[in-house]
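What follows is a set of notes on a single structure, which appears directly below.
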Amino acid sequence: MNETYYQQVQLPSGTVHVYAGDTLFKELDYKVFEMANNNLQIPNQVYMSYTPDVHVGVGTCIGTTAVWNTKDGYVSPSIVGSDIGCGMRVHLTNLHKDDLKEVKLRRKLVKVIEKYLPVEDHARGYFSDIRLEHVIKKGLHGLPKKYIPDGYTPRKATSLTHVERSKFAFDENALNLFPEQVWHRSHRQLGTLGNGNHFVEIQSIEIAEDQREIAEAWGLLDGQVVVMIHSGSRSWGGSVSQYCGSNITKMMRAEGLGTADPKLLFAPLTHPLAQTYVNLEYSALNYAVVNRHLIAYAVREAGKDVFGSKFEMTTLYDLMHNYAWEEEHEGQSFFIHRKGSTRALPANHPANPEPYMSTGHPALIPGSMGTASYIMVGSPTGRANFYSICHGAGRIRSRSATKKLVTLNEFSSSLKVGTDDEIVVNQRSLESILDESPQAYKDVDQIIESVIGAGLAQVVAKCKPMATVKGAK
DNA sequence: ATGTCC
């Protein structure tokens, strides 16, 4: 049987391009098409698509790529979503999975990570030597030098080239809109994980046979231990969404703009409120990149405590799956929104950072708890979808429904609790994160199969969880 | 996802 991995769905307001295998497609909630129909009513849109992990969100589905031409474009805070700049980071260590064979050692590592990375108090990561204003304005370039250690990339450079973008420039006047309290809270939250689906995970990797050449170029080794981080812009991005969202809502009401969904917000890029939003959105992208960088810094400190000063943790890559920005393709400027959608550029695309120009950059895709994550690379045929792939497994069940359905025993057994292969979790009570059990999510392997089948990307390495650090409310 | 309020 020939499986289809892509189809165009015609709706009254336009076409949504759906990248999903037949099985996943059949299981899609009709509400994702209602949402698409509303989103397609925003004027001048040139392209909209769904990834195989698409699911209903606020105003817009998570798993959406939505594109305008910059010259007559629109920005939608709803298509970006409220966790602006949320994304992934992977660091490579000089440990082999056998070094972490003992459950006791994995427990110790998790405990020490918690010492450097506050997970109970979400606002305890006070870095008094970091000026929040500097990192908000200059991204990673606003950090004191001590946070950019030597040997931080596989090529042992101190460069900040192993990120999607190390600094987002914007009109800084927009920052005057925020009260002191927002600055204070965000300073205290720097370097904290947050909760929900955010995590730090210790994983071991398996290289995909047909991508060994790329894996080698990236410094990946079979059985290598890696650190995967998933976090965003914390309350800074939340404040941006809230502040801009309420102003744009009022403007839309006054000007009679809108769709059937009052939670779907948008404005033409030329509107002053749209410009303020884009400026503040970029400030949140700076915060998010720095936040993940500082979380990695904390894990690195913990690693040195546990394994000694020879412990290394070099940056593979940092990239995001929630944002809107300008992007050039074949000389044309587009304004691209990705919400739960990850850019995966192929080799030689000019937007690749220099170290990844000849291979394409790593695209980092998290699975759900207890399941695999993936390090992928974009394919040239991904152009059809503006080089966008999935963001993870994709939720199929609400947090409350998951808590009703899944038992603690089922959750524990998916984490292999009590066996030698136990995926050690920091939370004393799994009950506090029961809504993150794998039963709340689609099967990530099926999602990845769809992405490959559609010709969007290839797997370079599969990452298997060994220990997970989560925040919880 | 988030902080805040019920």
Side-chain angles (χ1 to χ4, degrees), chain A residues 53-64 76-89 117-126 132 136 177-200 229-246 249 263-265 277 280-281 283-292 294-295 320-324 337-342 366 368-369 391-403 427 432-437 440-441 469-473:
Chain A
D53 50 340
V54 66
H55 59 103
V56 168
V58 179
T60 298
C61 290
I62 292 116
T64 297
S76 167
S78 310
I79 309 188
V80 174
S82 55
D83 192 4
I84 301 168
C86 183
M88 308 302 303
R89 174 178 271 259
L117 178 69
V119 290
E120 305 263 325
D121 179 355
H122 296 291
R124 208 198 72 202
Y126 200 72
L132 179 62
I136 287 291
L177 298 163
F178 279 173
E180 182 50 36
Q181 182 206 357
V182 170
W183 287 89
H184 180 72
R185 192 168 54 212
S186 289
H187 192 182
R188 285 189 40 96
Q189 281 184 340
L190 264 180
T192 63
L193 257 186
N195 46 52
N197 60 1
H198 291 168
F199 63 79
V200 167
I229 295 164
H230 182 192
S231 189
S233 54
R234 311 287 285 106
S235 68
W236 183 269
S239 302
V240 171
S241 301
Q242 205 170 22
Y243 173 82
C244 297
S246 85
T249 303
K263 290 194 168 149
L264 177 56
L265 312 182
Y277 175 74
L280 291 175
E281 185 223 335
S283 79
L285 299 185
N286 281 335
Y287 189 103
V289 172
V290 168
N291 192 45
R292 283 187 295 274
L294 291 173
I295 290 167
M320 310 193 262
H321 47 236
N322 290 352
Y323 56 86
H337 297 66
R338 292 194 179 91
K339 181 188 200 178
S341 159
T342 308
S368 53
M369 278 188 78
H391 77 289
R395 191 165 269 280
I396 36 166
R397 210 159 265 123
S398 71
R399 295 191 180 278
S400 53
T402 306
K403 280 180 174 162
Q427 292 296 329
S432 67
I433 51 169
L434 187 56
D435 51 355
E436 281 296 309
S437 72
Y441 290 89
V469 178
K470 298 279 286 184
K473 275 204 162 183

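Order of the sequence lines sets the chain letters (A, B, ...), proteins ahead of strands, with each chain counted from 1. Worth saying up front: this structure is predicted, and the values here are computed from it rather than measured.
A:Gln181 places its CD atom 17 Å from the P atom of B:dT2, with the value rounded to the nearest Å. Following rounding to the nearest Å, A:Ile79 (CD1) and B:dA1 (C1') show an atom-to-atom distance of 18 Å. For the pair A:Lys263 NZ and B:dA1 P, the interatomic distance rounds to 16 Å; values are reported in whole Å. Rounded to an integer number of Å, the gap from A:Tyr243 OH to B:dT4 P is 18 Å. Rounded to a whole Å, the CG atom of A:Asp435 is 12 Å from the C1' atom of B:dA1. In this entry the distance linking CG of A:Asn322 with P of B:dT2 reads 11 Å, nearest Å. The interatomic distance linking A:His391 (NE2) with B:dA1 (C1') rounds to 12 Å, in whole Å. Per the geometry, CE belonging to A:Met88 stands 12 Å off P belonging to B:dA1, to the nearest Å.
Between A:Asn197 and the phosphate of B:dA1, there is a side-chain N or O to OP1/OP2 separation shorter than 4.0 Å. In this model, the phosphate group of B:dA1 is not approached by any side-chain N or O of A:Arg234 to a distance below 4.0 Å at OP1 or OP2. Within the structure, every side-chain polar atom (N or O) of A:Arg185 is placed at least 4.0 Å from both OP1 and OP2 of B:dT2.
Taken to the nearest 0.5 Å, the CG atom of A:Leu434 stands 7.5 Å off from the NZ atom of A:Lys403. Rounded to the nearest 0.5 Å, atoms CD1 (A:Ile84) and OH (A:Tyr323) are 14.0 Å apart.
Ring centroids of A:His391 and A:His230 are separated by 6.0 Å or more, keeping the two rings apart.
Among the protein residues, A:Gly232 comes within range of no part of the nucleic acid, since none of its heavy atoms lies under 4.0 Å from any strand. Across all strands shown, A:Ser82 has heavy atoms under 4.0 Å from base atoms, whether or not it also approaches the sugar-phosphate.
A search for side-chain contact (heavy atoms from CB on, under 4.5 Å) contacts involving A:Lys470 returns A:Phe199, A:Met369, A:Asn426, A:Gln427, A:Ile433, A:Glu436, A:Thr468, not counting sequence neighbours.
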